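Numbers here simply count residues along the sequence, with the first being 1. Side-chain atoms are counted along with the backbone in the values below, which use heavy atoms only and exclude waters and symmetry mates. All of these numbers come straight from a predicted model, not from anything done at the bench. Whatever order the structure lists them in is the order used to number ligands and atoms, beginning at 1.
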Amino acid sequence: MAFNQEARKHFPEWPQLDKDDYDAVKAVLDSKQLWCGAPATHKGEFVWRFQKEFAEFLGARHCFAVTNGTHAIEVALMALDIGLGDEVIVSDYTFVATGSAVVAVNAVPVFCDVHARTFNIDEVKIEALVTKKTKAILCVHLGGVPCDMDAVMAIARRHGLKVIEDSSHAHGSKYKGKRLGTIGDIGTFSFQASKVLACGEGGAIACMDDKLAEKIYGIADAGRKVGDYFYNHYIPSSNYRLGEFQAAILCSQLKKFKEQHPVRNKNVEYLRAKIDKIDGMFMQEKPAGTEECGYYVVGVKFDPAKFNGITKEKFYKRLNDAGIPTDDCYPPLHSLACFKDGKGKKGVDYSGANWGGEKSDDRNFPVVTDVFNHSFEFPQEMFLVKDQKDLDYVVDVIVKIKEDKQ
Ligand SMILES: Cc1ncc(COP(=O)(O)O)c(C=O)c1O
């Protein structure tokens, strides 16, 4: 993206680092403890501290820090015994990782179209996708906007399915009194560099169930048990542990995040009130019961007919040229080459998949196709502006685009 730097300077940079972050990294170096092994035998202060602090923030009984948000989903699936040939219903509108994690554990993602106003999994369309092989619903709180969790949980209960909340965009989002990531069986998070809570590469898994937590820990740490002899391995597993440097940065960033979160919420609502007044445009809606949102990105949809036929590409280029940091949205999963070619993984039967070849036709996913073709996203850091006049500027530019002949 080519920003007009002069105008760009109105909007905050990301990441926002200060002396605390530098001190945190130095503290790891000074400790000479660069990793975090099993507790009792190996220390690793920051990983254990971050897990505790993030669990407290979420109101989760357990939290495990892992290498990244993709691995967090993979570990969650394995902990729920989802594997070869099992089907998992996944929102079609998300980053590739949500779908590819399912493939990684040899299961079959089944993509579900989204809601036209919230852009999240359409609960009305989930049930038609349930088969005998379905084991879980993997919902994504896009941009931190909650899925209709009451409806998702009710469907899961009706069909005996597990629920994983991909909360990679939803740090701090709250729905009916609960933080997202604590409502389903497992919640997963990403701390990749652009996220609202970031350490470069990192992830976390939250859950409320003690038995499940033991399993998650074992899968994430080479099959070990917490507090057990270091060379006891009870299941053949891999290493998904987060390192101390990332955890130290997360401890430091978590303090800042708690201050930034209400600012983002206030500023998004300020901009929403103005955007929603523009004829032919609306901001991604929140379902009833939403109290706070993580707002990793904020989707805005427009009706080209009300904007002189402008294309999405032209729209965000105009915004970028004016120094407004918009970007494209995720292409729907069914349309990605990795799913369209239908190959998947050796030895897995994908006959139950609703993607690959003609099944990947956009006409089978009409709502997400329309949302993707007619929307763009504002990044989270834009909502850390100190002066709301900078958000008025965004509205002024949009109104100007609306008035122009394309
Ligand atoms: C919705 C969603 N899920 C999962 C991931 C994967 O996270 P990571 O990049 O930390 O592996 C991302 C990353 O952007 C994401 O946006």
Side-chain angles (χ1 to χ4, degrees), residues 14-15 50 54 63-78 88-105 107 109 111-112 114-115 118-121 136-147 149 152 163-173 180-181 184 186-206 220 238-243 245-247 249-250 253 257 284 293-299 327-336 338-339 368 371-372 375 377-381:
W14 192 258
F50 173 69
F54 195 53
C63 169
F64 299 101
V66 292
T67 32
N68 57 57
T70 310
H71 285 166
I73 302 170
E74 290 175 23
V75 173
L77 289 161
M78 288 187 274
V88 179
I89 298 173
V90 181
S91 169
D92 196 44
Y93 201 32
T94 175
F95 181 60
V96 63
T98 320
S100 62
V102 177
V103 175
V105 302
F111 302 136
C112 185
V114 299
H115 204 278
T118 66
F119 310 166
N120 278 331
I121 195 162
I137 301 168
L138 173 46
C139 56
V140 181
H141 306 297
L142 194 84
V145 169
C147 298
M149 287 311 289
V152 170
V163 174
I164 300 173
E165 295 173 73
D166 180 350
S167 309
S168 297
H169 298 187
H171 317 68
S173 297
L180 295 185
I186 297 184
T188 64
F189 293 85
S190 165
F191 306 125
Q192 176 271 336
S194 61
K195 301 297 187 302
V196 292
L197 180 57
C199 64
E201 297 280 8
I205 305 170
S238 192
N239 169 11
Y240 297 94
R241 292 186 306 268
L242 190 73
F245 287 110
Q246 287 96 330
I249 293 173
L250 285 171
Q253 284 285 317
F257 165 75
Q284 182 186 3
C293 288
Y295 287 131
Y296 165 56
V297 286
V298 176
D327 204 350
D328 202 354
C329 317
Y330 299 124
L333 297 190
H334 75 267
S335 71
L336 296 176
C338 62
F339 293 112
V368 70
V371 171
F372 173 65
S375 57
E377 290 175 349
F378 292 127
Q380 52 96 358
E381 66 270 20

Participant: Is the side chain of W14 donor-acceptor paired with the backbone N or O of A193 at a distance under 3.5 Å, no angle test?
Facilitator: yes
Participant: Can you report which non-hydrogen protein atom sits closest to atom 4 (C) of ligand 1, along with the distance?
Facilitator: S168 OG, 3.3 Å
Participant: Considering heavy atoms of the protein only, find what lies nearest to atom 12 (C) of ligand 1 and give residue, atom and distance to 0.1 Å.
Facilitator: F95 CD2, 3.6 Å
Participant: Answer yes if the side chains of Q192 and S194 hold a donor-acceptor pair under 3.5 Å, and no otherwise.
Facilitator: yes
Participant: Which of the numbered atoms in ligand 1 are below 4.0 angstrom from a heavy atom of G69?
Facilitator: 6 (C), 7 (O), 8 (P), 10 (O), 11 (O)
Participant: Given that the side chain starts at C-beta and the backbone is N, CA, C, O, which of these parts of T70 lies under 4.0 Å from ligand 1, counting heavy atoms, or is it both or neither?
Facilitator: both
Participant: At a 4.0 Å threshold, what atoms of ligand 1 neighbour a non-hydrogen atom of T94?
Facilitator: 1 (C)
Participant: What part of Y330, side chain from CB on, backbone N/CA/C/O, both or neither, has a heavy atom under 4.0 Å from ligand 1?
Facilitator: side chain
Participant: Check each of E74, K195, Q192 against atom 14 (O) of ligand 1 and report the one with the nearest heavy atom.
Facilitator: K195
Participant: Kindly identify the option in A170, S190, A193 whose heavy atom sits closest to atom 7 (O) of ligand 1.
Facilitator: S190
Participant: Quick one: closest heavy-atom pair of V102 and P109, and the distance?
Facilitator: CG1-N, 3.5 Å
Participant: Residues in ring-ring contact (aromatic ring centres under 6.0 Å, His included) with Y240, at least two apart?
Facilitator: H71
Participant: Should you measure from each heavy atom of A97, which atoms of ligand 1 turn up under 4.0 Å away?
Facilitator: 4 (C), 5 (C), 6 (C)
Participant: Side chain or backbone of H169 under 4.0 Å from ligand 1, or both, or neither, by non-hydrogen atoms?
Facilitator: side chain
Participant: Give, for atom OG1 of T94 and atom CD1 of I73, the distance between the pair rounded to the nearest 0.5 Å.
Facilitator: 7.0 Å
Participant: Under the side chain to side chain donor-acceptor pair (under 3.5 Å) test, which residues partner Q380, sequence neighbours left out?
Facilitator: R264
Participant: Donor-acceptor pair, distance only, cut-off 3.5 Å: does the side chain of H171 make one with the backbone of S190?
Facilitator: yes
Participant: What is the nearest protein non-hydrogen atom to atom 3 (N) of ligand 1, stated with its residue, atom name and distance?
Facilitator: D166 OD2, 2.7 Å
Participant: Would L142 and V114 count as a side chain to side chain contact (heavy atoms under 4.5 Å, CB included) if you check the C-alpha gap in whole Å, the side-chain angles of each, and the deciding distance to 0.1 Å?
Facilitator: CA-CA 11 Å; L142 194 84; V114 299; over 6 Å; no
